Amino acid sequence: MTDSKYFTTTKKGEIFELKSELNSDKKEKKREAVKKVIASMTVGKDVSALFPDVVNCMQTDNLELKKLVYLYLMNYAKSNPDMAIMAVNTFVKDCEDPNPLIRALAVRTMGCIRVEKITEYLCEPLRKCLRDEDPYVRKTAAVCVAKLYDINAQLVDDQGFLEQLKELLSDSNPMVVANAVAALSEMNEASITGSPLIEMNSQTINKLLTALNECTEWGQVFILDSLANYSPKDDREAQSICERITPRLAHANAAVVLSAIKVLMKLMEMLPTDSDFVTTLTKKLAPPLVTLLSTEPEVQYVALRNINLIVQKRPDILKHEMKVFFVKYNDPIYVKLEKLDIMIRLASQANIAQVLSELKEYATEVDVDFVRKAVRAIGRCAIKVEQSAERCVSTLLDLIQTKVNYVVQEAIVVIKDIFRKYPNKYESIISLLCENLDTLDEPEARASMIWIIGEYAERIDNADELLESFLEGFHDENTQVQLQLLTAIVKLFLKRPTDTQELVQQVLSLATQDSDNPDLRDRGFIYWRLLSTDPGAAKDVVLAEKPLISEETDLLEPTLLDELVCHISSLASVYHKPPNAFVEGRPGLRKSLPARNENASASNVPQAAVIPAPQESLIGDLLSMDLTTPAVVNTSVQPPSVDLLASGLDSLLTTSDLPAASSSNTGLLGDIFGFTPTPVSYSPPKQLWLPSENGKGLEIMGTFSRKNGQISMDITLKNKAMQPMSGFAIQLNKNSFGLTPARPLQVLNPLLPTASYETSLALATTGLVQRMEPITNLQVAIKNNIDVLYFACIIPMNVFFIEDGQMDKRVFLKTWKDIPAENEVQFTLKNVLCNTEAIVLKMSQNNVFTIAKRHVEGQDMLYQSIKLTNGNWVLNELKIQPGNPNITLSLKLLAMEVAQGVFQAYDAILHS
């Protein structure tokens with residue numbers, strides 16, 4: 001009879017019966033009783049009242065009975081901690097039992113009982129089991145250390161278990177080594193600091209590689225994951241590790257294969273790309289990845305998500321394996337969509353013919369989502385492989401002729417992108433697109449068609465009628481369509497002003513007066529003001545030449561891709577998100593691929609300017625300065641301040657009629673019409689630099705600013721002495737950025753008692769350079785008729801951001817890759833109450849230039865460049881999550897000493 005009989009009893013008074021059976025002298029009856037207790041516990045009955053009776057059954061040589069009692073203890077020890085201590089003596093005794101299975105069972109159970117009081121008694125038996133002669137006991141004890149670390153990390157450290165685990169890495173039994181590695185990995189993940197508990201060295205790695213061949217498959221996974229965290233000291237060691245790991249690629253277990261690929265991908269970054277070894281290794285990586293696609297769909301999907309990352313990092317690996325990604329009729333939709341994505345990534349001039357043939361076939365499938373993706377894929381092929389563009393357009397036209405509604409709409413969306421990529425090349429098909437105007441009901445398709453009509457209005461005779469047909473239901477349209485319609489009609493008006501004036505007035509009125517959408521209303525006001533003030537400028541703005549669209553708009557940004565490659569074969573590689581994005585409480589330690597070790601690339605990295613270390617006393621330098629008196633300056637006339645926003649606002653906000661052209665060019669949008677106000681860059685409030693008691697009656701307050709490409713020292717001098725002050729002069733000590741006065745200090749002469757005077761001193765960066773601590777520290781000497789006064793102040797870093805700091809996209813990407821990973825630092829900007837657009841605007845006003853903006857996984861990513869006055873570049877990445885006031889700022893730079901200053905500048909600007 002099977003054990004199912006134990007789950008069928010529902011008698012009353014069962015607990016009392018079980019109690020008497022547990023205390024029976026007959027071993028068989030006792031074992032049957034314990035089985036009944038475990039069965040009741042399994043189905044959710046509370047049998048904790050039997051705790052003392054079950055614990056008494058521990059004193060037995062029967063292994064089956066002992067296992068059952070230990071199982072009961074693990075379940076109820078937490079709710080009965082005081083009674084659980086009764087079992088401690090038996091545990092300790094069992095840890096010295098002649099039978100290794102019992103010893104291992106005892107130490108495993110003690111590790112699973114998460115009771116603080118028992119933990120104290122666990123240390124000594126665990127220490128003995130870690131040195132046990134039987135490997136089965138040692139491997140069980142290794143895992144027990146990780147469990148103990150989870151309960152009390154400090155205890156593990158104090159008792160020296162970490163050192164014992166390190167010794168087990170050199171064990172003669174491969175399974176013991178694998179479990180020791182697994183335990184260390186688990187403890188590293190739980191570590192509060194995030195830093196590795198044990199540093200790996202060449203000797204330890206060699207032992208792990210030896211054990212790798214004889215481990216079970218999950219042991220191999222743990223060892224490979226540990227190897228992935230090791231950085232070899234040179235190319236030769238990296239190559240040696242690669243050679244010893246390569247046989248794992250032929251393993252039957254997909255987890256082992258992917259873990260091996262992860263290690264090889266990381267080590268390949270350290271080897272020269274043009275070496276024969278890397279070429280051979282690249283060829284060896286393809287077959288195991290292809291083999292993974294012949295497994296069940298769920299494993300296929302995981303493999304495809306990992307392959308997606310691998311193809312983005314190293315497309316050469318699978319460039320000849322296009323056919324394995326062709327969709328099969330019985331593939332689930334999630335596998336089909338992933339395969340389609342990888343096909344586009346692998347598309348090239350060599351294989352585009354067969355790819356297009358496949359995609360055209362997919363576009364006739366019955367699955368609507370898959371068909372849409374297939375049509376979009378054809379458009380992506382046209383953008384990626386220029387030679388195939390004509391063929392792709394022809395294929396899309398064939399699909400439009402099918403008159404299948406959703407196919408036609410997707411085709412129009414991708415044709416709009418093709419027009420953006422290849423202007424003035426395929427416009428002959430516009431008439432065919434216009435025939436399908438009435439069938440469009442999806443916002444994106446309608447917006448795309450409107451864009452095409454507006455962009456090529458001069459080629460479409462009845463463009464005004466077509467756009468007017470959309471205007472009839474303007475308020476019922478999606479916002480995306482409304483915005484596109486507004487822009488298209490303004491374009492049409494600028495191209496054909498005589499017969500479309502009524503149409504443009506109608507759309508501007510609808511957008512500004514009748515709409516509640518702020519984006520639409522604002523765009524309407526801007527167009528209105530542009531058209532009424534200077535149609536020529538409006539033409540330059542609205543009809544400006546557009547940049548060509550990129551062929552790969554859905555690539556992961558390089559830093560995220562590198563991090564995800566380090567997490568291949570984990571959930572992060574399936575989600576395409578870093579672990580800290582979906583695992584709560586995980587330490588924020590980011591993994592990254594090692595910097596490529598190539599001499600050739602080093603020459604392309606911008607070199608940091610050398611800041612010499614201080615050589616002598618700074619006060620000595622200040623005392624030896626030549627402080628001459630400048631010429632007297634007549635400052636009786638103060639220039640009036642100009643309010644740039646004073647005029648033009650009323651006409652902008654009046655929507656009853658088209659606004660008249662403003663007579664003044666200083667309106668809200670005056671910069672569009674020829675008047676360019678200076679951007680308002682951030683300048684911190686003035687601080688007290690020299691109190692009057694230290695300045696012999698002279699009080700100095702000041703700040704720094706940057707105006708029109710010039711650094712200024714803005715000073716307020718106040719005479720609190722009883723006598724006039726005159727003969728002012730200033731000198732700056734050698735400093736990190738070579739700041740020196742560009743002209744003499746101009747001060748009212750004399751400065752009478754109680755009088756104050758504000759002045760601005762222009763500074764140049766041509767002075768002597770000497771490294772200061774902190775780097776933005778500036779030591780100043782001011783001389784007057786009373787004495788020479790000394791003080792120090794801190795310069796805000798943003799005044800060193802120069803105007804020509806906008807880096808080309810390609811140069812930015814290459815420089816980002818070339819700067820080593822260890823030169824990346826991360827900060828958190830807290831409580832920033834700006835949206836992405838406001839951040840871009842604020843930073844651009846301070847010479848921080850946005851190179852690219854992307855929307856990834858629900859967050860905005862900004863990539864920005866800064867050039868400092870000494871020629872150093874700082875590359876920045878901002879991660880902005882809607883609704884989250886905290887922003888992650890990552891800086892990549894060669895001159896690491898300026899990182900803190902750049903962060904402080906960001907913090908101050910965004911909170912200003």
Side-chain angles (χ1 to χ4, degrees), residues 327 333 336-337 340-341 343-344 347 352 355-384 388-423 425-457 459-474 476-485 487-488 549 553-554:
V327 171
I333 183 64
K336 285 182 177 178
L337 295 176
L340 202 54
D341 202 31
M343 280 172 66
I344 307 307
I352 194 68
V355 171
L356 278 178
S357 174
E358 279 287 313
L359 292 176
K360 190 174 180 181
E361 193 70 31
Y362 301 160
T364 60
E365 291 269 348
V366 291
D367 191 310
V368 176
D369 287 339
F370 183 54
V371 171
R372 287 177 183 277
K373 188 101 181 217
V375 175
R376 294 224 174 192
I378 295 170
R380 283 174 63 189
C381 284
I383 292 166
K384 186 178 181 185
S388 73
E390 197 161 333
R391 192 166 178 174
C392 292
V393 170
S394 175
T395 305
L396 288 168
L397 290 177
D398 290 345
L399 293 172
I400 287 173
Q401 299 291 4
T402 63
K403 301 295 181 186
V404 178
N405 186 263
Y406 55 86
V407 174
V408 172
Q409 304 204 73
E410 286 297 328
I412 285 173
V413 172
V414 298
I415 285 172
K416 180 260 293 179
D417 290 337
I418 293 171
F419 284 171
R420 284 284 310 274
K421 179 70 175 175
Y422 308 110
K425 199 169 181 182
Y426 300 107
E427 283 73 17
S428 57
I429 67 170
I430 291 174
S431 57
L432 183 63
L433 302 180
C434 291
E435 291 173 13
N436 296 281
L437 212 57
D438 297 335
T439 63
L440 305 181
D441 54 17
E442 293 174 10
E444 195 174 5
R446 290 172 74 82
S448 298
M449 192 68 228
I450 291 166
W451 181 88
I452 292 169
I453 296 169
E455 190 68 15
Y456 300 102
R459 303 177 187 219
I460 306 170
D461 295 335
N462 62 335
D464 52 340
E465 293 173 18
L466 296 175
L467 291 175
E468 198 170 2
S469 68
F470 283 104
L471 208 56
E472 291 166 6
F474 185 79
D476 299 325
E477 296 283 7
N478 182 279
T479 304
Q480 181 184 6
V481 179
Q482 290 178 332
L483 288 166
Q484 202 57 257
L485 190 55
T487 303
I549 62 173
T553 53
D554 61 339

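Note that the coordinates shown come from a computational prediction; the quantities given were computed from them, not determined experimentally. If you read the sequence from its start, that first residue is 1, and numbering goes on from there.
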Please check if atom CD in Glu361 has more than 12 non-hydrogen atoms from other residues, nucleotides or ligands closer than 6.0 Å.
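Counting other residues, nucleotides and ligands, CD of Glu361 stays at 12 neighbours or fewer.
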If you count the non-hydrogen atoms of other residues, nucleotides and ligands that lie under 6.0 Å from CD in Glu390, is the total more than 12?
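No, because the 6.0 Å sphere around CD of Glu390 holds 12 heavy atoms or fewer from other groups.
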Working to the nearest 0.5 Å, report the span between [atom1] of [X] and [atom2] of [Y].
X	Y	atom1	atom2	answer
Thr395	Leu359	OG1	CG	9.0 Å
Lys360	Leu399	NZ	CG	6.5 Å
Thr364	Asp398	OG1	CG	12.0 Å
Asp417	Ile383	CG	CD1	4.5 Å
Arg446	Gln484	CZ	CD	12.5 Å
Leu432	Leu397	CG	CG	5.5 Å

If you take all heavy atoms of [X] and [Y], which pair is closest and at what distance?
X	Y	result
Ala363	Val375	CB-CG2, 4.2 Å
Val408	Ile400	CG2-O, 3.6 Å
Ala382	Ser388	CA-OG, 4.1 Å
Gly454	Ala488	CA-CB, 3.8 Å
Ile412	Ala445	CG2-O, 4.0 Å
Ala347	Ile352	CB-CD1, 4.2 Å

Go through Glu444 and Arg372 one step at a time and tell me if the salt bridge (charged side-chain N to carboxylate O under 4.0 Å, His left out) criterion holds.
CA-CA 13 Å; Glu444 195 174 5; Arg372 287 177 183 277; over 6 Å; no
Are any of the side-chain heavy atoms of [X] and [Y] separated by less than 4.5 Å?
X	Y	result
Leu467	Leu485	yes
Ile378	Val414	no
Phe419	Ile430	yes
Lys373	Lys336	no
Met449	Cys434	yes

Pairs flagged by side-chain hydrogen bond (donor to acceptor under 3.5 Å, both in side chains) wherever residues 459-472 is involved - sequence neighbours left out:
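Residue pairs passing side-chain hydrogen bond (donor to acceptor under 3.5 Å, both in side chains), neighbours aside: Asn424-Arg459.
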Can we say Arg380 and Asp341 salt-bridge, meaning some charged N sits less than 4.0 Å from an Asp/Glu carboxylate O?
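Answer for the salt bridge query: yes.
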Please enumerate all residues that pass side chain to side chain donor-acceptor pair (under 3.5 Å) together with [X], with sequence neighbours excluded.
X	answer
Tyr422	none
Thr487	Arg523, Tyr527
Asn405	Gln409
Tyr426	none

Main-chain N/O of Ile344 paired with Lys384 side-chain donor or acceptor, under 3.5 Å
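Looks like yes, one N/O pair under 3.5 Å.
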Test of understanding: with ring pair (Phe, Tyr, Trp, His ring centres under 6.0 Å), list the residues that count as partners of Phe370, not counting sequence neighbours.
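For Phe370 the ring pair (Phe, Tyr, Trp, His ring centres under 6.0 Å) partners, ignoring immediate neighbours, are Tyr362.
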